[in-house]
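In what follows, a structure is listed as structure tokens, so that the remarks can point back to it.
Sequence lines set the chain letters: A, B, ... in the order given, protein chains first and strands last, and positions in each chain run from 1. Computed from a predicted structure; not experimentally measured.
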Protein chains: 2
Amino acid sequence: MTIGSLAEATQTRVETVRWYEKVGLLPPPARSSGNYRLYGPEHLRRLSFIRRGRALGFTVEQIRDLLALADDRERSCGEVDTIARAHLADVERKLADLTRLASELREVIGQCGCGSVADCRIIEALSPLGEPA
Amino acid sequence: MTIGSLAEATQTRVETVRWYEKVGLLPPPARSSGNYRLYGPEHLRRLSFIRRGRALGFTVEQIRDLLALADDRERSCGEVDTIARAHLADVERKLADLTRLASELREVIGQCGCGSVADCRIIEALSPLGEPA
DNA sequence: ATGCACCCTGTAGTCACTACAGGGTCAAGG
DNA sequence: CCTTGACCCTGTAGTGACTACAGGGTGCAT
């Protein structure tokens, strides 16, 4: 399996696959006579794991930890749970922030009568000291 | 007003104020005899505008556009409205993504019995091909 | 033999800052 | 007058997670 097929199979860019190798998430594969990377099913599994983790919003560092835990099958699952719960808490905080943001934006936009900038409520809402800059 | 007081008044780091100047959001202020930056109320207004915009999630580029529009008080407010609506659409898309993410995470976490990694549902959920890497 | 798609390494760019390193300035206290 | 310490200056490099080349090599079909 060349890097191109692996990338296609996992919906990843070729450059990103090489980058995962560089930062140590993906082990260096064997090379062909022409120095092409040759991947096996193990690599496909590992890269799929990484991509799924990224899609769920885990950082690369968190995925590195999860991979290390997953490789040690005897270990208790508690640390995995801790990482996942911390991430969920993070996501929920961002969600709250964005929700507040959206409602502020909606309020600001609703007030715009679309006259001249001098009377624009959006510009005013952005100018906490009263006057636009 | 020195850069320190301006930064404090706007809840901004000193380095960030200098950075806004470098990228052209904040005009270069007068200098003291000892080469310190000296700011007036105009700068305070403009920096407040920038910070409020950032707090509402506008990109620096969007704020640059908004500032240019705000400086031209005769112009119609339509472009301001367009930028704000585009941004709101962006925020709402992110919100939907995060909502989906959070529910996926909650489901994954709920299934973890916290036994050994070999049986961990979280690791399994991250391994789309069945087996953990 | 030649075109073309694919692969290689290495570097620089993205965004919005943040963090120094290595110095200069200024006001207060001794 | 001298020192201490808080503040300021410029310039460069680092963050996260890639992305985008530049400049070259490989492999296969025509």
Please state how far atom CE in A/M1 lies from atom P in C/dC7, giving the value in whole angstrom units.
11 Å
Categorize A/Y20 for me: base, sugar-phosphate, or nothing, with a 4.0 angstrom heavy-atom threshold over every strand shown.
sugar-phosphate
What's the CG-P distance between A/L38 and C/dC6, to the nearest Å?
16 Å
In whole Å, I'd like the distance from the CD atom of A/E15 to the P atom of C/dT14.
17 Å
Within the 4.0 Å heavy-atom criterion, would you say B/R18 contacts the bases, only the backbone, or no part of the nucleic acid?
base
When you get a sec, tell me which of C/dC17, C/dT25, C/dC8 is the closest nucleotide to the side chain of B/V60?
C/dC17
Atom-pair distance (CD1 on B/I3; C1' on C/dG24), nearest Å:
15 Å
Please pick, from D/dC18, C/dT18, D/dG27, the nucleotide with the shortest atom-to-atom distance to any side-chain atom of A/R54.
D/dC18
Is any NZ, NE, NH1 or NH2 atom of the basic residue among A/E42 and A/R45 found under 4.0 Å from an Asp or Glu carboxylate oxygen of the other?
yes
Presence of B/T2 side-chain N/O under 4.0 Å of C/dC26 phosphate oxygens OP1/OP2:
no
A/D90 CG to D/dG16 P, straight-line distance once rounded to whole Å:
14 Å
Identify the heavy atoms of B/G57 and B/H87 that sit nearest to each other, and give their distance.
O-CE1, 2.9 Å
Most 5' of A/S33 and A/R13 on DNA chain D, judged by nearest nucleotide
A/R13
Do the side-chain N or O atoms of A/T16 get closer than 4.0 angstrom to the phosphate oxygens (OP1, OP2) of D/dC18?
no
Rounded distance in Å - CZ (A/F58) to P (D/dA17)
13 Å
A/R37 side chain N/O closer than 4.0 Å to the phosphate oxygens (OP1, OP2) of C/dT9?
yes
With a cut-off of less than 4.0 Å, is there a side-chain N or O of A/R31 near OP1 or OP2 of C/dT9?
yes
Could you check how far CG of A/L6 sits from C1' of C/dC6, rounded to whole Å?
15 Å
What do the steps show when you test B/R51 against B/Y20 for side chain to side chain donor-acceptor pair (under 3.5 Å), and what is the final call?
CA-CA 11 Å; B/R51 295 303 283 178; B/Y20 286 151; 3.0 Å; yes
Step by step, work out the side chain to side chain donor-acceptor pair (under 3.5 Å) result for A/S127 and B/R52.
CA-CA 7 Å; A/S127 309; B/R52 176 101 177 100; over 6 Å; no
First encountered from the 5' end of DNA chain C, between A/Y39 and A/K22
A/Y39
Test item: A/R13 side-chain N/O and A/V17 main-chain N/O as donor-acceptor pair under 3.5 Å:
no
Atom OH of A/Y36 to atom P of C/dA5: distance rounded to whole Å?
13 Å
